[in-house]
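A quick write-up on the structure given underneath.
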Amino acid sequence: MNKRTSLVAVPLAAALALGATGCSGGNAAGGEGRGANPALLNHAAVVGGAPKRGGTLTVLSNQDFTHLDPARNWVMNDMDFGTRLLYRTLVTYQAAPGAKGGKLVPDLATDLGTSSNGAKTWTFHLKKGVRYEDGTPVTAQDIKYNVERSFSPDLPGGSDYAARYLADADGYKGPAEGKHLDSVRAPDDHTLVFELRRPFAEFPNATVMPTFAPVPEKRDTGPRYDNRPFSSGPYEVKSYERAKRLVLVRNPYWDPKTDVVRKAYPDRLVVTIGLKPNQIDDRMIADQGADSSAVPWYALRPESAAKVLSNAEARRRLLAESMNCTDMVQMDTGRAPFDNVKVRQAVQYALDKDAILTASGGPAFNDLSTAYMPAALFGGRQPDTLRIPATGDPAEARRLLKEAGEPDGFATEITVSSGDKGRAEAIQESLAKAGIKVTINTVDPSAFYATIGDTKNRTDLVYTGWCPDYASGSTFLPFVFDGRYIKEKGNTGNHSLFRDEPTMRRMDEIAAMTDARRADEAWQRLDGEILKQAPAVPVLVRRWPLVLGGNIAGAYGHTSYGGQLDYASVGLKDPSKSQS
């Protein structure tokens, strides 16, 4: 998202047949292919008109946040929530539906930064008058401090950009023992200078990440900061009871004159956590009483989709923007039998992607994926390099297993988020046809990334994905397939643990290209080359279906946050109808 970022797991289970709606099959290979898709009535549009100031916006959720600490926040939904409501970053995305939502705008900084030294040095100047929730001013030193915190081993999970690009950062373990990074300088309260290890023309895109939000050193509480981030945004945390309820109220010192992005319409936001997904779906579809002022945190379950797509009134309240992220089955390439490329290719051929698409809610909410990078990074449509049938080719899979010395197949395990059990069962069934017996392990979504990020104790297979942080292959392939950034714990992105020297050398060569068009083409070719080595199998590009309450206004799925509601702009039509 990504933004990372790593793909959040969507609850799903039952299949949805869309034959009655007139939708075509899901073989668009990540392309738009919308046609008469009934889920796209509000594509790139604002739902509910202009909000009025005041009232309480309620968010209904089945799960807690993975992280709210800006040093650790790198999951799409959480990034949207944190950076739109609780803290500001050097640069952010414009608050707008459709393609306009991908435009970078200054946030804490006065502009998008100035490069020198061949794009190895980047300088940002901060706006004056930006204050925290206690009225103290935001300073450049506070941003430097949070960048340094992102290196702390006890604060895993955050964006890797600082670690990948800052000079002399190898081996740095954070500021806990008074050690600081010389490659981030704050010569005064309003100036930041970043020294990079190599030219990086896209560096302003990276400063959208929460890593580049301010955290005052005196407010740092280590891992406990996750429960109570100190606000530089329009809202502050009033109360947070993990797995139950989060309440935000206005930050009285947030000045809209310094912020062209966040509108902060509601007086309060109440996130009710721990609800059952089917309850959330049914309440949002019914739209009764206080629920008319509510929005769902999580995407509509596949088994609830038919209730919405056949209901014209509910469909008018439906957002379903593409997540622009690729779901993948990632295999542990460092462990037998998946250290054998023939075995990995057998999995490529055995997977029935159509069955997984059906288990994901059907073609209204998903496109099949035939490449790692989503269609947006291929100019609108993914290539189909391997031309494997969408329903798989078990006979070819068995032939490859025989060549690999596994003629009788083998047993293995897959870990999925608990909401992905339906997808896992489709994977299990299709691999069984090739002789691969899969045991499914489900993990609560809030603990999923910590579980699969433990490289020693994870299972052979994991089902997860990746979202480009911005429109460049540099923010996708290196994060998913560069073996130099694999961590023993808190590993992100490269869950296939893929370490291939020629691939890494080529990544460095492409990253150094100054011609953006040539670089785009090179990333696209590299995608196909990695696909042939099969460290992972791309499966789907999902949409993020959200059914809103009838009193919601100013709502759209933000393209840069995986289709999640833009919390910078949403509010209520009539605040008096919301709960107090």
Side-chain angles (χ1 to χ4, degrees), residues 34 37-61 77 80-81 84-85 93-102 234-235 248 250 256 259-272 280-300 304-305 307-323 364-365 543-580:
R34 299 186 179 94
N37 188 340
L40 301 185
L41 181 66
N42 295 314
H43 171 65
V46 177
V47 172
K52 294 182 179 177
R53 184 180 171 89
T56 297
L57 177 70
T58 301
V59 183
L60 305 181
S61 180
N77 286 13
D80 173 31
F81 194 86
R84 299 311 234 188
L85 300 173
Y93 294 106
Q94 185 168 259
K100 292 181 179 177
Y235 296 93
L248 305 185
R250 291 190 183 280
D259 193 337
V260 299
V261 173
R262 299 163 187 83
K263 304 306 179 189
Y265 288 116
D267 288 335
R268 299 199 319 157
L269 288 95
V270 176
V271 184
T272 302
I280 297 173
D281 289 355
D282 290 345
R283 285 172 60 175
M284 295 313 307
I285 293 168
D287 191 31
Q288 298 295 308
D291 288 343
S292 68
S293 300
V295 297
W297 176 251
Y298 232 76
L300 188 77
S304 297
K307 299 178 186 176
V308 175
L309 295 176
S310 62
N311 180 332
E313 191 281 327
R315 212 165 55 237
R316 282 193 290 272
R317 297 183 280 114
L318 172 67
L319 299 174
E321 296 296 338
S322 174
M323 293 185 68
F365 294 139
R543 296 189 182 281
W544 193 252
L546 300 168
V547 180
L548 312 173
N551 193 34
I552 299 299
Y556 53 87
H558 200 289
T559 56
S560 292
Y561 292 106
Q564 177 59 288
L565 195 65
D566 189 350
Y567 283 91
S569 302
V570 69
L572 303 170
K573 295 176 184 175
D574 183 351
S576 69
K577 292 183 178 179
S578 65
Q579 64 182 12
S580 59

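All values below were derived from every heavy atom in this structure, side-chain atoms included, with hydrogens, water molecules and symmetry-related copies excluded.
Across every non-hydrogen atom of Leu309 and Ala364, the tightest pair is CD1-CB, 4.0 Å. Across Glu321 and His43, no two heavy atoms sit closer than the pair OE1-ND1, 3.0 Å. Pairing each heavy atom of Ala44 with each of Gly98, the nearest pair is CB-CA, 3.8 Å. The heavy-atom pair separating Leu548 from Pro296 by the smallest distance is CD2-CD, 4.4 Å. When all heavy atoms of Ser569 and Pro51 are compared, the closest pair comes out as O-CG, 3.7 Å. Across every non-hydrogen atom of Ala314 and Val547, the tightest pair is O-CG1, 4.4 Å.
Residues passing the side-chain contact (heavy atoms from CB on, under 4.5 Å) test with Asn42, sequence neighbours excluded: Val47, Leu319. Under the salt bridge (charged side-chain N to carboxylate O under 4.0 Å, His left out) criterion, Lys577 pairs with no residue, sequence neighbours left out. When the side chain to side chain donor-acceptor pair (under 3.5 Å) test is applied to Arg283, the partners found at least two apart in sequence or on another chain are Asp291. Residues passing the salt bridge (charged side-chain N to carboxylate O under 4.0 Å, His left out) test with Asp80: none are found, sequence neighbours excluded. With sequence neighbours excluded, no residue forms a side chain to side chain donor-acceptor pair (under 3.5 Å) with Asn311. Partners of Ser292 according to the side chain to side chain donor-acceptor pair (under 3.5 Å) rule, which considers only residues two or more places apart in sequence or in another chain, do not exist here. Contacts of Tyr556 classified as ring-ring contact (aromatic ring centres under 6.0 Å, His included), with partners at least two apart in sequence or in another chain: none. Checked against side chain to side chain donor-acceptor pair (under 3.5 Å), Tyr235 has no partners two or more places apart in sequence or in another chain. When the salt bridge (charged side-chain N to carboxylate O under 4.0 Å, His left out) test is applied to Asp574, no partner is found at least two apart in sequence or on another chain. By the salt bridge (charged side-chain N to carboxylate O under 4.0 Å, His left out) test, Arg250 is found to be paired with Asp267, residues two or more places apart in sequence or in another chain being considered. Ala568 pairs by the side-chain contact (heavy atoms from CB on, under 4.5 Å) definition with Arg84, Ala95, Val261, Arg262, Asp566, not counting sequence neighbours.
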**Check against side-chain contact (heavy atoms from CB on, under 4.5 Å), Val295 and Thr58** = CA-CA 6 Å; Val295 297; Thr58 301; over 6 Å; no
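Using a 4.5 Å cut-off on side-chain heavy atoms (C-beta onward), Leu41 and Leu318 make no contact. At least one side-chain heavy atom of Leu546 sits less than 4.5 Å from a side-chain heavy atom of Gln564. Side-chain contact check for Leu40 versus Arg543: some heavy-atom pair is nearer than 4.5 Å. At least one side-chain heavy atom of Lys307 sits less than 4.5 Å from a side-chain heavy atom of Asp282. Proximity of Phe81 to Leu248: side-chain heavy atoms (C-beta onward) are separated by under 4.5 Å at one or more points.
Taken to the nearest 0.5 Å, the CE atom of Met284 stands 6.0 Å off from the CG atom of Leu60. The distance from atom CG of Leu57 to atom OH of Tyr567, rounded to the nearest 0.5 Å, is 6.5 Å. Once rounded to the nearest 0.5 Å, the distance linking CG of Asn37 with CZ of Phe365 reads 7.5 Å. Between the NZ atom of Lys573 and the OG atom of Ser293 there is a distance of 10.0 Å, given to the nearest 0.5 Å. Note that the CG atom of Asp281 and the CG atom of Leu300 stand 4.5 Å from one another [nearest 0.5 Å].
Between the side chain of Ser578 and the backbone N or O of Thr56 there is at least one donor-acceptor pair closer than 3.5 Å.
The aromatic rings of Tyr561 and Tyr93 lie perpendicular to each other, with more than 60° between the two planes, well past the 30° mark.
A salt bridge (charged side-chain N to carboxylate O under 4.0 Å, His left out) check over residues 544-559, counting only residues at least two apart or in different chains, returns nothing.
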